[in-house]
Trainee: 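The structure's right below; bear with me while I get my questions together.
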Amino acid sequence: MAERTIKVEVKRQSSPGAKAVTETFEIPYRPNMNITSLLGEIALNPRTINGTESTPITYDSNCLEEICGSCAMLINGKAMMACSALVDKLQGGDANKTITLAPLSKFPVVRDLAVDRSVLFENLKKVQAWVPIDGTYDLGSGPRQHPQIQEQRYPLSNCISCTICMEVCPQFNDVTGFVGAATIAQTKLFNMDPAGSVLKEERLRALAGDGGIQECGFAQNCVQACPKQLPLTEAISDMNRDVFVQQVKDFFTR
Ligand code: SF4
Ligand code: FES
């Protein structure tokens, strides 16, 4: 019997401004392969299905266990993490099913499947998504947190900055400039931190600005697509309320 193979169609682009082309590869099947191992197989012998010599495919990856958030891409048209996307599952029992790979569509392509997601980090800077700490002297142990607060904060701290919530959001586009669900969730995380809450008001004002929380159309795609199951819609509702309260306060104290 002929050896089982997997056909993979990859949308490629050699540089940021270059025209995209599609290349198809056929690689030997192994049980329990994920998309990262499949891309590794292509790199070992980068030759298209027609026998044309090609090059290894460029993509971001690091942890290989859905922790670093770098390997997000469109797999069979859906935004997913390459390291946790299993070939058997993607083929759904149809061994002849071609797997398609493409870069995330809402971010500038750097090369092949690697995109520039720095917009997320710029948005996190806008809301100061950190705990401001003076590291020049020993601060001792941090303030105690009530277990109920810890329980609310922990799921939000699982964000891996993969940007999938932004990719799937209809409001995340050049017209709205919407910051996206991840930034809103991190605002809640740091506003609930006993030390981080010192910047709470500034964060809420930043979320009230251009591209802020008011751009959310509550499509709820984000909460369904998030690979770490962050309670995104709850975070958006909570921040929406807090932004409103902050705006009222600011109105009366102007
Ligand atoms: S909120 Fe979820 S989907 Fe969005 S960046 Fe964080 S982990 Fe990824
Ligand atoms: S390689 Fe780190 S999340 Fe996939």
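Start at 1 and go down the list; that is how both ligands and their atoms are numbered.
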Trainee: Go through ligand 1 atom by atom and flag the ones less than 4.0 Å from a non-hydrogen atom of I160.
Mentor: 6 (Fe), 7 (S)

Trainee: Of all heavy-atom pairs between R117 and A72, which one has the smallest distance, and what is that distance?
Mentor: NH1-CB, 3.9 Å

Trainee: Is the distance from atom 4 (Fe) of ligand 2 to some N, O or S atom of C68 under 2.8 Å?
Mentor: no

Trainee: For ligand 1, which atoms have a heavy atom of P227 less than 4.0 angstrom away?
Mentor: 3 (S)

Trainee: Atom 3 (S) of ligand 2: which of S61, G69, A72 has the nearest heavy atom?
Mentor: G69

Trainee: For C216, does its backbone N or O pair with a side-chain atom of Q171 as donor and acceptor, under 3.5 Å?
Mentor: no

Trainee: Under a 4.0 Å heavy-atom limit, does A225 contact ligand 1 with its side chain, its backbone, both, or neither?
Mentor: neither

Trainee: Which is it for L232 and ligand 1 at heavy atoms under 4.0 Å: side chain, backbone, both or neither?
Mentor: side chain

Trainee: Give a yes/no answer: is there an N/O/S atom of C165 under 2.8 Å from atom 6 (Fe) of ligand 1?
Mentor: no

Trainee: Assess, by modelled atom type and distance only, whether the side chains of T48 and E23 contain a donor and an acceptor separated by less than 3.5 Å.
Mentor: no

Trainee: Relative to the heavy atoms of C63, which atoms of ligand 2 are at a distance of less than 4.0 Å?
Mentor: 1 (S), 2 (Fe), 3 (S)

Trainee: Strictly by modelled atom types, are D116 and S118 linked by a side-chain donor-acceptor pair under 3.5 Å?
Mentor: yes

Trainee: Measure from atom 4 (Fe) of ligand 2 to each N, O or S atom of C83 and report whether any distance is below 2.8 Å.
Mentor: yes

Trainee: Closer than 4.0 Å to some heavy atom of E66 - which atoms of ligand 2 meet that?
Mentor: 3 (S)

Trainee: How far is atom 6 (Fe) of ligand 1 from its nearest protein heavy atom, and which residue and atom name does that atom have?
Mentor: C159 SG, 2.4 Å

Trainee: Heavy-atom pairs closer than 4.0 Å: do any link ligand 2 to the side chain of I67, the backbone, both, or neither?
Mentor: backbone

Trainee: Would you call A185 a ligand 1 contact, heavy-atom distance under 4.0 Å?
Mentor: no

Trainee: Quick check on contacts: which atoms of ligand 2 are under 4.0 angstrom from a heavy atom of N62?
Mentor: 1 (S)

Trainee: Check this for me: does any side-chain nitrogen of one of K126 and E122 sit under 4.0 Å from a carboxylate oxygen of the other?
Mentor: no

Trainee: Does a donor on one side chain sit under 3.5 Å from an acceptor on the other, for S84 and E66?
Mentor: yes

Trainee: Give, for atom CD1 of I99 and atom CD1 of I35, the distance between the pair rounded to the nearest 0.5 Å.
Mentor: 4.5 Å

Trainee: Does a donor on one side chain and an acceptor on the other come within less than 3.5 Å for Q246 and D250?
Mentor: yes

Trainee: Answer with yes or no whether the side chains of R30 and S37 bring together a donor and an acceptor at under 3.5 Å.
Mentor: no

Trainee: Begin from the C-alpha positions of D112 and V10 and carry the test side chain to side chain contact (heavy atoms under 4.5 Å, CB included) through to its verdict.
Mentor: CA-CA 8 Å; D112 295 340; V10 189; 5.8 Å; no

Trainee: Identify the protein heavy atom lying closest to atom 2 (Fe) of ligand 1, giving its residue, its atom name and the separation to 0.1 Å.
Mentor: C226 SG, 2.3 Å

Trainee: What atoms in ligand 2 come closer than 4.0 Å to a heavy atom of M81?
Mentor: 3 (S)

Trainee: Which ligand 2 atoms does L64 reach within 4.0 Å, using its non-hydrogen atoms?
Mentor: 1 (S), 2 (Fe)

Trainee: More than 12 non-hydrogen atoms from neighbouring residues, nucleotides or ligands closer than 6.0 Å to CZ on F244, yes or no?
Mentor: no

Trainee: For atom 2 (Fe) of ligand 1, decide whether C162 has an N, O or S atom at a distance under 2.8 Å.
Mentor: no

